[in-house]
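Order of appearance sets the numbers: ligands from 1, and atoms from 1 within every ligand.
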Amino acid sequence: MTLSDPMIDTRATSLRDALGDRVLLAGDPGYDAARMPWNVAVDQRPFAVTGPQTAEEVVEVVRAAAASGLRVAPQSTGHAAAALAGTDLTDVVLVSLTGMRGVTVDPVARTARVLGGSLWNDVIEAAAPHGLTALHGSAGDVSVAGYTLSGGLSFYARTHGLAINTVRAVQIVTADGSLLRASADENAELFWAVRGGSGAFGVIVSLELDLLPYADVFAGMLLWDASRAAEVAHAWAAWTASAPESATTTLRIMNFPPMPELPPFLSGRSVVVLDGAILETDAAASALLEPLRALAPEMDTFARIPAAGLVAVHMDPPGPTPAVTAQSVLAELPSEAVEAFLAAGAVPGMFFAELRHLGGAIARRPDHAGAVGSVAGAYLAHTVAVVPVPEAMAGADAAVLAGLAALEAWQTDELLLTFIDRGDVDRDAGLGGAATRLRELKRRFDPNDTFAAAHAL
Ligand SMILES: Cc1cc2nc3c(=O)[nH]c(=O)nc-3n(C[C@H](O)[C@H](O)[C@H](O)COP(=O)(O)OP(=O)(O)OC[C@H]3O[C@@H](n4cnc5c(N)ncnc54)[C@H](O)[C@@H]3O)c2cc1C
């Protein structure tokens with residue numbers, strides 16, 4: 001189809017009539033800025049973009065799109081834009097939730113009510129004055145809705161499980177343009193489905209979440225030059241084999257180009273970094289870390305810090321970044337797998353190869369869980385390459401896949417939904433056996449397949 005196609009014109013006219021200048025079509029000033037996701041390697045070109053400010057405006061958008069014969073894709077930040085990139089967006093209205101941020105904390109109930117486009121930084125900031133925090137991930141600019149409703153793996157996870165199990169209720173605009181509340185008591189099937197089905201079931205305009213009662217936490221990182229990677233990785237693998245559930249840690253081999261924006265201890269270097277949180281007293285946590293500290297790291301920031309500081313520990317990029325990633329879940333990490341991981345970290349073009357320690361409460365599905373409630377497996381393997389220019393995509397993609405291929409022998413059938421960030425991965429692997437029922441419910445709640453989501457059903 002071309003822009004002069006009469007059907008496109010009809011859809012555009014119909015959408016414009018309903019939403020006026022609240023919608024941006026291709027060619028409109030502002031369209032290019034509005035369609036840009038956090039992962040700027042993804043050149044997403046939807047039919048139109050709109051940024052509703054209220055739940056009522058979301059209702060109008062969904063009704064206008066459906067009446068115009070168009071689909072709807074909710075997006076809060078575009079951290080998972082590469083997952084959505086497998087979907088044809090030429091008939092999709094991208095609903096950017098960036099204008100719907102806000103958090104209200106109930107310190108007595110230890111819950112937060114969070115608007116649909118809020119970031120984790122918003123929740124952390126609102127919860128901290130009450131001595132509370134949340135099961136946020138490693139990056140504060142990821143959205144609460146996108147992360148939580150696809151699982152959500154935090155540094156508190158081996159003790160407290162996946163963040164998805166902290167959701168008490170959502171307010172959602174469904175395919176027929178209704179604004180509904182879904183919880184264990186209201187629209188319970190929809191509530192089950194959205195916890196895993198996420199944006200495939202509608203636009204989330206708010207969520208209610210349980211918070212964690214931590215004002216501070218023992219957390220930090222240990223850093224060595226990459227020449228120590230083998231020694232450190234084998235030691236961490238042995239350490240995690242018996243680490244208690246109170247410790248949630250990750251290990252990364254990171255390769256930094258020389259860049260003036262980077263701190264000198266990272267610029268132009270390859271390093272091995274171990275980081276995370278240990279929910280113990282200072283004495284118990286220090287005793288636990290002892291064998292790793294005995295490896296004489298060049299930097300050691302592990303200490304008791306305000307819980308609000310945990311989000312900075314993993315040093316995720318501070319802003320939009322062009323990247324390609326891949327993941328697998330490993331059943332175990334024997335010595336041969338550690339060697340394969342070390343090889344992954346050294347693949348040319350690799351930004352970092354990461355192992356996140358799973359297990360503990362992450363593998364236990366609570367009774368009240370929705371479609372996704374747990375992930376089996378012992379470690380998440382995650383590879384990331386930066387894509388500075390579009391021509392670098394093929395090489396970067398080959399690097400992240402080559403890194404994981406080395407670990408194939410230990411791979412399980414499962415994946416973490418939040419870390420699926422490519423179009424070519426079977427989503428069922430991230431749905432823990434819920435795919436069939438989710439598809440049945442998708443047909444019921446969204447019979448015309450109005451909603452396009454990062455993880456299509
Ligand atoms: C730097 C970085 C660090 C990360 N760290 C972690 C981590 O520690 N743990 C972890 O588990 N994951 C992590 N992730 C993965 C992250 O959780 C997923 O990419 C997540 O989907 C991002 O959500 P988002 O809303 O910010 O992204 P988006 O791309 O905006 O959204 C992803 C999908 O979520 C759905 N969605 C988002 N908002 C709404 C809404 N309001 N209503 C309906 N649907 C919605 C849509 O289907 C959308 O396609 C990380 C990703 C990056 C890039």
Could you tell me whether the side chains of [X] and [Y] share a donor-acceptor contact shorter than 3.5 Å?
X	Y	answer
Ser246	Glu280	yes
His136	Asn121	no
Thr450	Asn448	no

Looking only at protein heavy atoms, which one is nearest to [atom], and how far off is it?
atom	value
atom 16 (C) of ligand 1	Thr418 O, 3.9 Å
atom 36 (N) of ligand 1	Gly146 CA, 4.0 Å
atom 44 (N) of ligand 1	Gly199 CA, 3.3 Å
atom 39 (C) of ligand 1	Ser76 OG, 3.7 Å
atom 48 (C) of ligand 1	Pro74 O, 3.5 Å
atom 52 (C) of ligand 1	His79 CD2, 3.7 Å
atom 33 (C) of ligand 1	Ala454 CB, 3.8 Å
atom 25 (O) of ligand 1	Ser143 OG, 2.6 Å

Can you tell me if [X] has a non-hydrogen atom under 4.0 Å from ligand 1?
X	value
Gly117	no
Ser198	yes
Val142	yes
Ala200	no
Ser150	no
Trp38	yes

Is any N or O atom of [X], backbone or side chain, closer than 3.5 Å to an N or O atom of ligand 1?
X	answer
Ile204	yes
Leu97	no
Phe419	no
Ala80	yes
Thr77	yes
Asp316	no

Inset, instruction - Kindly identify the option in Leu417, Leu153, Val144, Val203 whose heavy atom sits closest to atom 9 (N) of ligand 1. - result: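 The residue whose heavy atom sits nearest atom 9 (N) of ligand 1 is Leu153.
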Inset, instruction - Indicate the ring-plane relationship of Phe351 and Phe256, choosing parallel, tilted or perpendicular according to the 30° and 60° boundaries. - result: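 Because their plane-to-plane angle is over 60°, the rings of Phe351 and Phe256 count as perpendicular.
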Has [X] got a side-chain atom pairing as donor or acceptor with [Y]'s backbone, closer than 3.5 angstrom?
X	Y	value
Ser267	Met259	yes
Arg158	Pro244	yes
Ser183	Ala169	no
Glu332	Ala378	no
Asp397	Ala394	no
Arg63	Gly177	yes
Thr77	His79	yes
Trp239	Leu288	yes

Element-labelled atoms of ligand 1 that are located less than 4.0 Å from some non-hydrogen atom of [X]:
X	value
Gly202	43 (C)
Gly116	41 (N)
Ala453	47 (O)
Gly137	7 (C), 8 (O)
Ala139	3 (C)
Gln75	30 (O)
Gly78	27 (O), 28 (P), 29 (O), 30 (O)

Inset, instruction - Tell me which part of Arg356 gets within contact of ligand 1: side chain, backbone, both or neither, using heavy atoms under 4.0 Å. - result: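 The side chain, only.
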Before accepting this row, confirm whether a basic side-chain N of the pair [X]/[Y] lies closer than 4.0 Å to the acidic partner's carboxylate O.
X	Y	result
Arg113	Asp106	no
Arg11	Asp91	no
Arg439	Asp428	yes

Inset, instruction - Determine, using ring centers only, whether Tyr379 and Trp236 are less than 6.0 Å apart. - result: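 Here the rings of Tyr379 and Trp236 have centres that are less than 6.0 Å from each other.
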